[in-house]
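See below for the structure under consideration.
The sequence lines fix the lettering, A, B, ..., with proteins before strands; numbering per chain opens at 1.
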Amino acid sequence: MLPDLSTEWADLTPKDAIALQQSLRAQVRTEDDLPDVRTVAGVDAGFEDNGQTTRAAVVVLNLNDLTPIDYTLARLPTRFPYVPGLLSFRECPVILEALKQLETLPDLLLCDGQGIAHPRRLGIATHIGLLTGLPSIGVGKSRLTGTHGPVPEGKGEWTPLKDGDETIGAVLRTRSGVKPLFISPGHRISLPTAIDHVMACITRYRLPETTRWADGLASNRGQQWLKTLEGLK
DNA sequence: GCGACAG
DNA sequence: ATCTTGTCGC
């Protein structure tokens, strides 16, 4: 299903991790290269035992009605600290474990955090896209890097997130009257297409349904969300 | 040297 | 990320 995913890359010093990001940068594709998207997956991680254990959740939804059709959970000992810019080295190992368990791979991944809106263009969404080969989008609740002007108030409106002359993402108002989201291409997708797919996953909340399900399952209230998921079966 | 800094 | 219930406001 998925390519061989070595996990040895995870045990790196921050210095080596940065070097790895630099070397992977050339492989990132931000042109549309994705199938007709019928299924989308939300990907997120949470922590247990005072942070000693990392838990990952993946929830696959039908894009048509945003109904969950599959999900997986995984747990691993936490072995990399949180360092801004190196989030993927902390969360990828367990997320890949969860993705490996999926019966059917989704057409597109929506990951918590940034895609190319990253100092070295290698946010967690991009890294996961490269490792799995799947198209991916970064959905951040706050800004890591980049500058932007005022964000229009209307639902679906956005302003570019820039790093100098380069557009690295969009600051998107998913609903009027809420804080905007930071959307950026992960891998194999363009910014306009990424924005369209994120908005397609919005119902009545600020966060896309993919993120809501994955956040819920990865959080400490995961049991309640599990009940709801099982109830849908 | 002084801030900023996804989850 | 996480510690955590009710509550103020549109």
Describe the nucleic acid contact of [X] in one word from base, sugar-phosphate, nothing, applying a heavy-atom distance below 4.0 Å.
X	answer
Ile95(A)	nothing
Gly138(A)	nothing
Gly123(A)	base
Asn50(A)	nothing

More than 12 non-hydrogen atoms from neighbouring residues, nucleotides or ligands closer than 6.0 Å to CG on Asn50(A), yes or no?
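Check fails, neighbour count at 12 or below.
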Planes under 30° and centres closer than 5.5 Å, is that true for Tyr82(A) with the base of dA1(C)?
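Given the distance and angle limits, no, they do not stack.
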Taking it one step at a time, do Ile69(A) and Thr104(A) satisfy side chain to side chain contact (heavy atoms under 4.5 Å, CB included)?
CA-CA 10 Å; Ile69(A) 55 180; Thr104(A) 308; over 6 Å; no
In whole Å, what is the span from the [atom1] atom of [X] to the [atom2] atom of [N]?
X	N	atom1	atom2	result
Asp215(A)	dT2(C)	CG	C1'	13 Å
His127(A)	dA6(B)	NE2	P	19 Å
Lys141(A)	dA1(C)	NZ	C1'	9 Å
His118(A)	dG7(B)	NE2	P	13 Å
Leu110(A)	dG7(B)	CG	P	14 Å
Phe47(A)	dA1(C)	CZ	C1'	6 Å
Ile18(A)	dC5(B)	CD1	P	18 Å
Glu91(A)	dA1(C)	CD	P	9 Å

Which nucleotide in dC5(B), dA1(C), dC3(C) has an atom nearest any side-chain atom of Asn220(A):
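Output: dC3(C).
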Given dA6(B), dA1(C), dA4(B), identify the nucleotide with an atom nearest to the side chain of Arg143(A).
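My answer, after comparing the listed nucleotides, is dA4(B).
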Parallel, tilted or perpendicular: which fits the ring planes of His148(A) and Phe182(A), with parallel below 30° and perpendicular above 60°?
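Ring orientation, 0 to 90° scale: perpendicular.
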Identify whether Leu34(A) and Leu191(A) are in the same connected component of the hydrophobic contact network (ILVMFWY, side-chain heavy atoms under 4.5 Å).
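Same cluster.
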Does the Gln21(A) side chain pair with the main chain of Leu86(A), one donor and one acceptor, at a distance under 3.5 Å?
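No, Gln21(A) side chain to Leu86(A) backbone: no donor-acceptor pair under 3.5 Å.
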Report yes if at least one side-chain N or O of Ser142(A) is closer than 4.0 Å to OP1 or OP2 of dG7(B); otherwise report no.
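Yes, Ser142(A) has a side-chain N/O under 4.0 Å of OP1/OP2 on dG7(B).
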